[in-house]
There are 2 protein chains.
Amino acid sequence: MPVTIYDVAQKAGVGIGTVSRVINNSSQIKDSTKQKVLGVINDLNYQPHIVAQSLARRKTSSIGCIIPFFTGYFFVELLRGIQRKVSFYKHELILYSVDDVSKTETFLKKALDERRVDGLLFVSLDISPEYVRKIKEKNFPIVLLDSYHDELDSIKVNNEDGAFRATTHLINCGYKKIAMINGIMSSLPSITRFEGFKKAIIEADLEYDERYFVQGDCAPDADGFNKEAGYLGMKKLLELGKARPEAIFAASDIQAVGALRAIGEAGLKTPEDIAIIGFDDIELSEHIGLTTMRQPTMRMAGLAMTRLMEKIGSKNDDVFVKRVETELIIRDTCGFNLK
Amino acid sequence: MPVTIYDVAQKAGVGIGTVSRVINNSSQIKDSTKQKVLGVINDLNYQPHIVAQSLARRKTSSIGCIIPFFTGYFFVELLRGIQRKVSFYKHELILYSVDDVSKTETFLKKALDERRVDGLLFVSLDISPEYVRKIKEKNFPIVLLDSYHDELDSIKVNNEDGAFRATTHLINCGYKKIAMINGIMSSLPSITRFEGFKKAIIEADLEYDERYFVQGDCAPDADGFNKEAGYLGMKKLLELGKARPEAIFAASDIQAVGALRAIGEAGLKTPEDIAIIGFDDIELSEHIGLTTMRQPTMRMAGLAMTRLMEKIGSKNDDVFVKRVETELIIRDTCGFNLK
DNA sequence: TTGAAAGCGCTAACAG
DNA sequence: CTGTTAGCGCTTTCAA
């Protein structure tokens with residue numbers, strides 16, 4: 001039988017209200033009684049029952065995180081940053097990791113209905129209009145991380161600029177025939193990265209060649225940002241034979257990994273035969289010397305949590321959008337003839 | 001104002017007890033009233049308040065998972081398996097990811113004291129005698145995954161045999177001067193993998209050379225199974241000059257990655273100059289063609305969860321130990337002159 | 001079968 | 001400052 005607040009109150013000779021006050025170190029309390037209660041709490045090794053607290057306080061002190069587990073490793077870095085902040089705020093992290101996009105809504109529904117979490121971090125996934133409506137209706141605290149919707153708070157990376165600079169780097173390295181391997185075009189990052197890519201090509205007065213733009217072929221429940229998509233995309237590009245591109249901008253590092261494999265299988269080398277730049281800077285990229293655009297994952301995670309806690313505290317209504325910038329990380333896959 | 005069980009009861013013209021019974025589809029209930037209540041629940045879009053249920057039922061329907069976030073990617077695969085099973089059992093997953101071993105106890109304490117979780121999965125970490133005692137005292141449901149303690153339930157991989165077979169593979173490939181890069185020796189996997197390594201060396205009548213055994217140098221709060229440790233360990237081995245080993249058994253894939261880097265920096269090649277075999281088979285290993293011993297992560301995670309749910313259901317007392325076997329995955333880093 | 005009532009363990013007015 | 005009391009929203013006897 002765990003010890004309850006009543007046991008403490010009785011043994012300390014006070015009311016449960018007083019015990020509750022010292023637990024929550026409320027303002028007005030005589031120091032002597034506070035010490036007395038604290039003593040008993042210690043003697044009895046009393047621990048408040050968090051579930052009871054949640055019920056009475058009408059908040060759970062935990063936040064949910066809906067995050068994909070199929071996209072590669074980018075999310076792991078985000079998750080690490082999130083956990084850190086969640087702990088900092090003395091909250092719990094309830095993980096809803098979706099390994100199949102169809103589960104996204106299942107989890108959303110759970111989170112919204114069951115009132116088990118005070119707020120939600122929604123990471124790298126697309127949210128349906130139906131749920132946006134529900135969220136607004138309930139005024140449920142949520143922030144999108146690495147994802148965007150104009151009616152909701154979000155922290156996202158400047159994808160267009162990142163893609164622009166990635167492509168520009170390739171151009172600066174002296175390549176002219178530049179291709180892009182993208183995710184499925186129904187996802188926002190895909191669209192904006194494509195725009196940045198195209199813009200760079202056009203501004204450099206290079207010709208935009210349709211054949212140099214491939215989307216990640218992938219299973220219907222994935223998003224095309226995985227390594228299979230990269231592999232398949234590269235294969236397609238390689239089939240162009242002599243007309244094949246000299247350099248590739250992959251919309252994610254993990255696609256770049258897949259592409260690299262296809263390049264290797266074709267007996268080609270990087271960057272001598274084909275240069276490649278990725279996007280994300282996941283940990284693995286450093287190992288393989290992949291040049292890429294780094295997303296500041298820790299910072300993004302931190303910003304998202306801070307904002308979420310703010311919303312939970314004061315249900316204000318304005319939509320907050322924070323855009324962070326990417327950073328070019330030059331390694332070995334693009335050659336050296338910079339500028 | 002969310003709708004409560006009272007709203008439903010009132011509108012359906014029944015008592016809240018009845019509503020509760022249909023929610024938990026209890027045995028004795030007239031079908032007609034059941035339908036009526038169900039109808040109202042649907043009309044009102046009623047959702048039971050999970051926190052209130054937890055309090056009344058005296059269980060939370062959520063399980064905690066204490067897992068390291070610094071060891072590399074092995075845990076991600078475990079986590080994926082865990083999440084899948086947790087969802088299967090319609091529970092929630094509370095993540096306590098430790099990025100610093102000192103947090104292990106903080107989280108353990110939380111989990112044990114606050115009664116926020118019904119049980120605990122304790123992954124890839126060492127547990128102190130003090131907490132083992134507390135756990136036994138409270139009869140708290142816990143299962144260790146990829147970790148071991150003789151008084152607690154555990155699912156672990158047969159590390160000794162895996163290390164033995166890894167080393168034997170190197171021997172079969174024709175190498176004689178074989179070294180091992182290990183984690184810190186205070187961790188059990190390190191110890192058993194070392195034993196397997198040594199056993200293979202001795203059974204093959206090779207000489208065991210002290211200099212060929214290096215431990216991962218690392219920050220005091222890490223476990224030596226990371227890539228820095230692998231890198232540093234390999235450096236040390238390389239300093240042996242002409243006496244350097246021909247082949248390496250790394251206790252983790254991520255160490256192998258670090259070692260590979262050191263090898264590359266020294267201008268050496270794999271497997272021509274130095275062969276290497278890892279342990280884990282994390283996703284990245286496939287990309288880089290690392291030969292390794294695969295741990296069946298999904299299976300381990302599944303077994304652990306199944307066992308945990310069993311314990312939560314029926315607090316039985318016997319300690320359950322399940323050992324799973326590794327599988328040799330031959331790729332490119334060991335050469336081909338097999339046997 | 002079902003309703004009423006007594007908790008689950010705590011917080012938060014409300015009086016004093 | 002502090003005790004008392006009324007919930008928080010549900011489960012679970014106990015009778016009927």
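Only this structure's heavy atoms are used, side chains among them; waters, hydrogens and symmetry mates stay out. Chain letters run A, B, ... following the sequence lines, proteins first and then strands; every chain starts at 1.
With a 4.5 Å cut-off on side-chain heavy atoms, A/F320 and A/K311 do not count as touching.
In this structure, A/K59 atom NZ and D/dG9 atom C1' are separated by 19 Å, rounded to whole Å. Atom CG of B/N24 and atom P of D/dT12 are 7 Å apart (whole Å).
B/S97 meets the side chain to side chain contact (heavy atoms under 4.5 Å, CB included) test with A/Q83, B/I67, B/F69, B/L95; sequence neighbours excluded. By the ring pair (Phe, Tyr, Trp, His ring centres under 6.0 Å) test, A/F107 pairs with A/Y96, sequence neighbours left out. The side-chain hydrogen bond (donor to acceptor under 3.5 Å, both in side chains) search around B/S61 returns none, not counting sequence neighbours. When the side chain to side chain contact (heavy atoms under 4.5 Å, CB included) test is applied to B/E130, the partners found at least two apart in sequence or on another chain are B/E105, B/S128, B/R133, B/K134. Listed by chain and residue number, A/K156, A/N158 satisfy the side chain to side chain contact (heavy atoms under 4.5 Å, CB included) test with A/R323 (two or more places apart in sequence, or in another chain). Residues passing the side chain to side chain contact (heavy atoms under 4.5 Å, CB included) test with A/D318, sequence neighbours excluded: A/R307, A/N316.
Here B/S20 lies in heavy-atom contact (under 4.0 Å) with a base.
With the 3.5 Å cutoff on both pairing distances, Watson-Crick and G-U pairs in DNA chain C assemble into runs of at least 3 at C:1-16 with D:1-16.
Between A/P68 and A/F75, the closest heavy-atom pair is O-CG, 3.4 Å.
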Intermediate values then yes/no, side-chain contact (heavy atoms from CB on, under 4.5 Å), B/T106 and B/T104: CA-CA 5 Å; B/T106 314; B/T104 308; over 6 Å; no

Enumerate, atom names and distances included, each donor-acceptor pair closer than 3.5 Å involving a side-chain atom of residues 32-50 of chain B, sequence neighbours excluded.
{"from": "B/T33", "atom 1": "OG1", "to": "B/K30", "atom 2": "O", "distance (Å)": "2.9"}
{"from": "B/H49", "atom 1": "ND1", "to": "B/V51", "atom 2": "N", "distance (Å)": "3.1"}
{"from": "B/H49", "atom 1": "ND1", "to": "B/A52", "atom 2": "N", "distance (Å)": "3.3"}

Side-chain donor-acceptor pairs of residues 5-21 of chain A under 3.5 Å, sequence neighbours excluded:
{"from": "A/D7", "atom 1": "OD2", "to": "A/T4", "atom 2": "N", "distance (Å)": "2.8"}
{"from": "A/S20", "atom 1": "OG", "to": "A/N24", "atom 2": "ND2", "distance (Å)": "3.4"}

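Rounded to the nearest 0.5 angstrom, B/Y89 OH and B/D118 CG are separated by 14.0 Å. The CD1 atom of B/I66 sits 12.5 Å away from the NZ atom of B/K103 when rounded to the nearest 0.5 Å.
Taking the 5' to 3' direction, DNA chain C first and last meets chain A under 4.0 angstrom from a heavy atom at C/dG9 to C/dA13.
Only B/L55, B/A56, B/R58, listed by number, bring a heavy atom of residues 42-58 of chain B to less than 4.0 angstrom from any atom of DNA chain C.
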Using the 3.5 Å cut-off, write out each protein N or O paired with an N or O of nucleotides 2-6 of chain D and the distance between them.
{"from": "D/dT2", "atom 1": "OP1", "to": "A/T33", "atom 2": "OG1", "distance (Å)": "3.1"}
{"from": "D/dT2", "atom 1": "OP2", "to": "A/K30", "atom 2": "N", "distance (Å)": "2.9"}
{"from": "D/dT2", "atom 1": "OP2", "to": "A/T33", "atom 2": "OG1", "distance (Å)": "2.8"}
{"from": "D/dG3", "atom 1": "OP2", "to": "A/G15", "atom 2": "N", "distance (Å)": "2.9"}
{"from": "D/dG3", "atom 1": "OP2", "to": "A/T18", "atom 2": "OG1", "distance (Å)": "2.2"}
{"from": "D/dG3", "atom 1": "O5'", "to": "A/G15", "atom 2": "N", "distance (Å)": "3.4"}
{"from": "D/dG3", "atom 1": "N7", "to": "A/R21", "atom 2": "NH1", "distance (Å)": "3.4"}
{"from": "D/dG3", "atom 1": "O6", "to": "A/R21", "atom 2": "NH2", "distance (Å)": "2.4"}

